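Heads up: the structure comes next, in structure tokens.
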Amino acid sequence: MAVMAASSEKLLTGLVAATFTPLTEEGEINIKEIGPYVDYLTERQGVIKIFVNGTTGESMSLTVAERKLLAEEWCKKAKGKMDHVAVHVGCMSLKDSQDLALHAAQIKADSIAVISPSFFKPKNAHALRSYLKAVASAAPNLPFYYYHIPSITGVNVLVRDLLVGIEEEIPSFRGVKFSGIDLMDFGLCFSLMKPNWSLLYGVDEQMLSGLVLGADGAVGSTYNYVGCQFNKLLSAFEKGELVEARTIQFKLQDFLGLAMKLGFDVGVNKQLMVEVSGLSLGPPRFPVMPCHPDVAASIKHKYESIFPQC
Ligand SMILES: CC(=O)N[C@H](C=O)[C@@H](O)[C@H](O)[C@H](O)CO
Ligand SMILES: CC(=O)C(=O)O
């Protein structure tokens, strides 16, 4: 039987918003916006779990010092209000990833997640597992998740292959955030599943398909502003109300269909969040370009026509 999670440990399940990084207009970290951001998610979207410094948070464009500052503030402001703060600590350099993993343990994050390095790419599951093991060893008591996002990293190691025997190599391993569209690979992961793991799906526009296969939850960028709707999708799914669940899923597909035609990326996504939430999140950081005002206006219009207030 798998080692049971320590009693203070919270498994990452349910709806998790991948947060944007608040910047000032000058492009510096806007730390004071994190408190209001936490309040917006909890009070307006019913979202009580966050995944910080990930793709949406532009982690790979931030310095290690900036990522530490952000992680610390998210943990501080979420305390007593949120149920889980997962900190993404992956970097191109193993040393930086270890540094951030240790820091996440020090600031009492609930868990860490790691994206594969993508300049020098691991050639196979063994190489990727070796890298992840070395990161996890810097914070051996912190629940550890692999973050699979092949469309961005170009690392196509099958997660199913990665999972074989991973609990022996990484005792803190607790699951995967699977942001890929290969549902066969996702499905095969369940045959290797351990009782204290969770497998989370990360392609918001296909979340229902992930749930059908058995996903324990979902991590995504759009849950920042459709969290309230997707909480309804989750409860409809749990009650077996598939027509209702599909209706909500189709709404996000309709919305993202237009957004993608207009060049949806982190810059566009961030601007939409600014307009929907009223938070000051600033522009993205280069090379991600700020959203053109006409694009923002069209997307906001579509958002308002599809998603009623919760
Ligand atoms: C590539 C990317 O950023 N993926 C995000 C998380 O993994 C998703 O939440 C997407 O932003 C979302 O599914 C919209 O395509
Ligand atoms: C979407 C997601 O999980 C991320 O931004 O990292």
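Each ligand, and each atom within it, is numbered from 1 in the order the structure gives. Please read these numbers as outputs of a predicted model, since none were measured by experiment.
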Check the orientation of Tyr225 and Tyr303. Use parallel for under 30°, tilted for 30 to 60°, and perpendicular for over 60°. perpendicular
For the pair Lys239 and Glu244, find out whether any cationic side-chain nitrogen is under 4.0 Å from an anionic carboxylate oxygen. no
Decide yes or no for Ile29 and Leu70: does some side-chain heavy atom of the first lie under 4.5 Å from some side-chain heavy atom of the second? yes
Could you tell me whether the side chains of Asp216 and Ser198 share a donor-acceptor contact shorter than 3.5 Å? no
Near ligand 1 (heavy atom, under 4.0 angstrom), the protein residues are Thr55, Tyr147, Ile149, Ile152, Lys177, Ser179, Gly202, Val203, Asp204, Glu205, Gly220, Ser221, Leu256, Met260, Phe264
Let me confirm one number: the CD1-OG distance from Ile149 to Ser118, rounded to the nearest 0.5 Å. 10.5 Å
Charged N to carboxylate O under 4.0 angstrom, Lys68 versus Asp99? yes
So, Thr55 and Tyr147: side-chain donor and acceptor under 3.5 Å apart, yes or no? yes
So does Asp39 pair up with Lys77, basic N to acidic O under 4.0 Å? no
Does the pair Glu58/Arg285 count as a salt bridge with the N-to-O cut at 4.0 Å? no
Near ligand 2, which protein residues have a heavy atom under 4.0 Å away? Ala18, Phe51, Gly54, Thr55, Thr56, Tyr147, Lys177, Val219, Gly220, Ser221
